[in-house]
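Written out below as structure tokens is the structure these notes cover.
Heavy atoms only: backbone and side chains are in, while hydrogens, waters and symmetry mates are out. Predicted model only: the values in this text are computed from it and were never measured. Protein chains get the first letters and strands the later ones, always in sequence-line order, with residue 1 at the start of each.
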Number of protein chains: 2
Amino acid sequence: MDALSLTFAALADPTRRAILARLALGEATVGELAAPFDLRLPTVSKHLKVLQRAGLVSQSRKAQWRPCQLEAAPLKDIAQWAEAFRASWERQFSQLDTYLDELQREPVARATGRGKRHDK
Amino acid sequence: MDALSLTFAALADPTRRAILARLALGEATVGELAAPFDLRLPTVSKHLKVLQRAGLVSQSRKAQWRPCQLEAAPLKDIAQWAEAFRASWERQFSQLDTYLDELQREPVARATGRGKRHDK
DNA sequence: CGCATACTTAGCCAATCGGCTAATTAGCCA
DNA sequence: TGGCTAATTAGCCGATTGGCTAAGTATGCG
């Protein structure tokens, strides 16, 4: 699978996004990451493996602990991918503004499609 | 499922991302969207339904055609979500720069962990 | 050494996914 | 009306996902 798909798939789970948010504050062990969730350790371990496959997390070793670290590079990639659509959403938002402006002037006529802008 | 998860899940497929890229150029019918792919129409129809569930695409009706339109708002949301990690990736990139600078000065010592920066 | 702690691996399960075919719905035109 | 085109719906299939339990691995400590 391509890198972008792996990253998006990894982010399509609230548990995994919460783990990333926690890691943005600094290194944490698997147990520390698991604590906030009502999930067994192996489940969290599996989530971490998904994040590692996407290159979003790396793990080192300190005695019997395996501290995890955020690897933010793929997040930059998806931010850039989404940014390519900026023109689209800005155009749509300005259209929405225009629509709301028209609605302000002639509420019913615009909303129902009956009548015209200047049907004096 | 929450909106962000739905959006990320929808984006975790190259076919669906290609469909969005096409729609960024303007409206298109289902058949037009299917053309570039080696996929049957029902498969593309299914992809479109995933995109609609995520609020990324809307469909209207024109005779027997169902022109699709990009709805970019959710893309803005994920761009914003990712942007929250900007500090993380910028810090990591600058660390990489620093590492490469040190490597430039003392290649072997830094790379193997033996020796020190100023082991005079 | 023996045992506790921290975590991973293996494997089960139900649910979802991404592809397909076949059948159905919707609208146009002769 | 009947038929053509566009697209959806229904349903099958094998693969993946997200949860679990039970068992295995790795490290530190008395």
Of all pairs that satisfy side-chain hydrogen bond (donor to acceptor under 3.5 Å, both in side chains), the ones with a partner from residues 48-62 of chain B, not counting sequence neighbours: B:Q52-B:Q59, B:S58-B:E71
Pairs touching residues 2-12 of chain A that satisfy side-chain hydrogen bond (donor to acceptor under 3.5 Å, both in side chains), sequence neighbours left out: A:D2-A:S5, A:D2-B:R17, A:S5-B:R17
Which nucleotide span of DNA chain D, 5' end to 3' end, has atoms closer than 4.0 Å to non-hydrogen atoms of chain A? D:dG18 to D:dG28
Under the ring pair (Phe, Tyr, Trp, His ring centres under 6.0 Å) definition, can you give me all pairs with a residue in residues 27-83 of chain B, not counting sequence neighbours? B:F8-B:W81, B:W81-B:F85
Whole-Å gap separating P (C:dG19) and CG (B:D38): 10 Å
Just the table, please: protein N/O against nucleotides 8-10 of chain C N/O, every pair under 3.5 Å.
from  : atom 1 : to    : atom 2 : distance (Å)
C:dT8 : OP1    : A:Q59 : NE2    : 2.9
C:dT8 : OP2    : A:S45 : OG     : 2.2
C:dT8 : O5'    : A:S45 : OG     : 3.4
C:dT9 : OP2    : A:K49 : NZ     : 2.3

Kindly say if A:T29 contacts the phosphate of C:dC7, meaning a side-chain N or O under 4.0 Å from OP1 or OP2. yes
Using heavy-atom distances to pick each residue's nearest nucleotide on DNA chain D, tell me which of A:Q64 and A:L39 is more 5'. A:L39
Let's see if you get this right: which residues in residues 1-22 of chain A place a heavy atom under 4.0 Å from DNA chain D? A:D13, A:R16
Sorted by chain and residue number, the side chain to side chain contact (heavy atoms under 4.5 Å, CB included) partners of A:V50 (sequence neighbours excluded) come out as A:A10, A:R16
Other hydrophobic cluster members with B:L25, side-chain heavy atoms of Ile/Leu/Val/Met/Phe/Trp/Tyr under 4.5 Å, chained? none
Could you list the cluster mates of B:L6? Members are the ILVMFWY residues connected by side-chain heavy atoms closer than 4.5 Å, either directly or through other members. B:M1
Residue pairs fulfilling salt bridge (charged side-chain N to carboxylate O under 4.0 Å, His left out) with at least one residue in residues 76-96 of chain A, sequence neighbours excluded: A:E83-A:R86, A:R86-A:E90
Any strand: nucleotide that pairs with D:dA15 via Watson-Crick or wobble, under 3.5 Å: C:dT16
If we only count heavy atoms from C-beta on, is the B:L75 to B:L11 side-chain gap below 4.5 Å? yes
With sequence neighbours left out, what residues match A:R22 under side-chain hydrogen bond (donor to acceptor under 3.5 Å, both in side chains)? none
Applying side-chain hydrogen bond (donor to acceptor under 3.5 Å, both in side chains), name anything that partners B:T43, two or more places apart in sequence or on another chain. none
